[in-house]
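Structure first, commentary second.
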Amino acid sequence: MAAHEQTWVKVNAQVDRGIAPLVSLLSSIPGVRTLQSCQGFDDSPAYVYFWYRDWKATCDLVFGRILPCLESAECSPTVSVEVFNGSEPTAKISLAAEALAKATSALSKLLHQ
């Protein structure tokens, strides 16, 4: 029996309420597939992991668009892109839980300009 061709679709998934707006916003970018997230707690930062096309496109999005946007909004983010054993590049955005609303607002303005 032949395997069926696969395609990505956006689906409903449970995420922490505090980070849901940021996850939704990132997921609205064509090609972004969010993987894991947490709204943070105590001294642990909030974070979102996602995939986006290839390593060059991921780096352009993360370091060329998202990082400058979040830095200008004074969100003090940490961002990274990693590739594990030839897998798709995995991007991570991490920031203080208290900065989630500010980060979501800044990213929303960037994406809707």
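As a basis for the values below, the full set of heavy atoms in this structure was taken, side chains included, without hydrogen atoms, waters or symmetry mates.
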In this structure, would Val48 and Ile29 fall into the same cluster of hydrophobic residues linked by side-chain contacts under 4.5 Å? yes

Let's go through Val32 and Trp51 carefully: what are the C-alpha distance in whole Å and the side-chain angles of both, what is the deciding distance for side-chain contact (heavy atoms from CB on, under 4.5 Å) to 0.1 Å, and is it a yes or a no? CA-CA 6 Å; Val32 167; Trp51 288 337; over 6 Å; no

hydrophobic_cluster_shared for Leu22 and Leu70, side chain cutoff 4.5 Å: yes

Please assess Leu26 against Leu107 for the test side-chain contact (heavy atoms from CB on, under 4.5 Å), listing each intermediate value before the final yes or no. CA-CA 9 Å; Leu26 286 170; Leu107 196 54; 3.8 Å; yes

How about Lys92 and Val79: do any of their side-chain heavy atoms sit closer than 4.5 Å? no

First locate atom CH2 of Trp55, then atom CG of Asp60, and finally report the distance between them rounded to the nearest 0.5 Å. 8.5 Å

Rounded to the nearest 0.5 angstrom, the OG-NE2 distance for Ser28 and His112 is 5.5 Å

Connected via hydrophobic side-chain network under 4.5 Å: Tyr47 and Ile66: no

Any salt bridge between Arg33 and Glu88, counting N to O under 4.0 Å? yes

Aromatic centroids of Phe50 and Tyr52 separated by under 6.0 Å: no

Grab the two heavy atoms, one from Glu74 and one from Lys102, that are nearest each other, plus how far apart they are. O-NZ, 3.6 Å

Got Glu82 and Pro89 here, is their nearest side-chain heavy-atom distance under 4.5 Å? no

Is any side-chain heavy atom of Leu25 closer than 4.5 Å to a side-chain heavy atom of Thr104? yes

Spatial distance of atom CZ (Arg65) from atom SG (Cys59) [nearest 0.5 Å]: 14.5 Å

Applying a strict under-4.5 Å side-chain criterion to I, L, V, M, F, W and Y, I'd like to know whether Phe63 and Leu111 cluster together. yes

Run the numbers on Leu95 and Thr78 for side-chain contact (heavy atoms from CB on, under 4.5 Å), then give the verdict. CA-CA 6 Å; Leu95 57 140; Thr78 299; over 6 Å; no

Looking only at atom types and distance, does a side-chain atom of Asp16 sit under 3.5 Å from a main-chain N or O of Ile19, one as donor and one as acceptor? no

Let's go through Leu67 and Ile93 carefully: what are the C-alpha distance in whole Å and the side-chain angles of both, what is the deciding distance for side-chain contact (heavy atoms from CB on, under 4.5 Å) to 0.1 Å, and is it a yes or a no? CA-CA 9 Å; Leu67 179 60; Ile93 300 170; over 6 Å; no

Return the OG to CG distance between Ser105 and Leu110, rounded to the nearest 0.5 Å. 11.5 Å

Just list the side-chain donor-acceptor pairs under 3.5 Å for residues 34-45, sequence neighbours left out, or say none.
residue: Thr34; atom: OG1; partner: Ser27; partner atom: OG; Å: 3.3
residue: Gln39; atom: OE1; partner: Gly18; partner atom: N; Å: 2.6

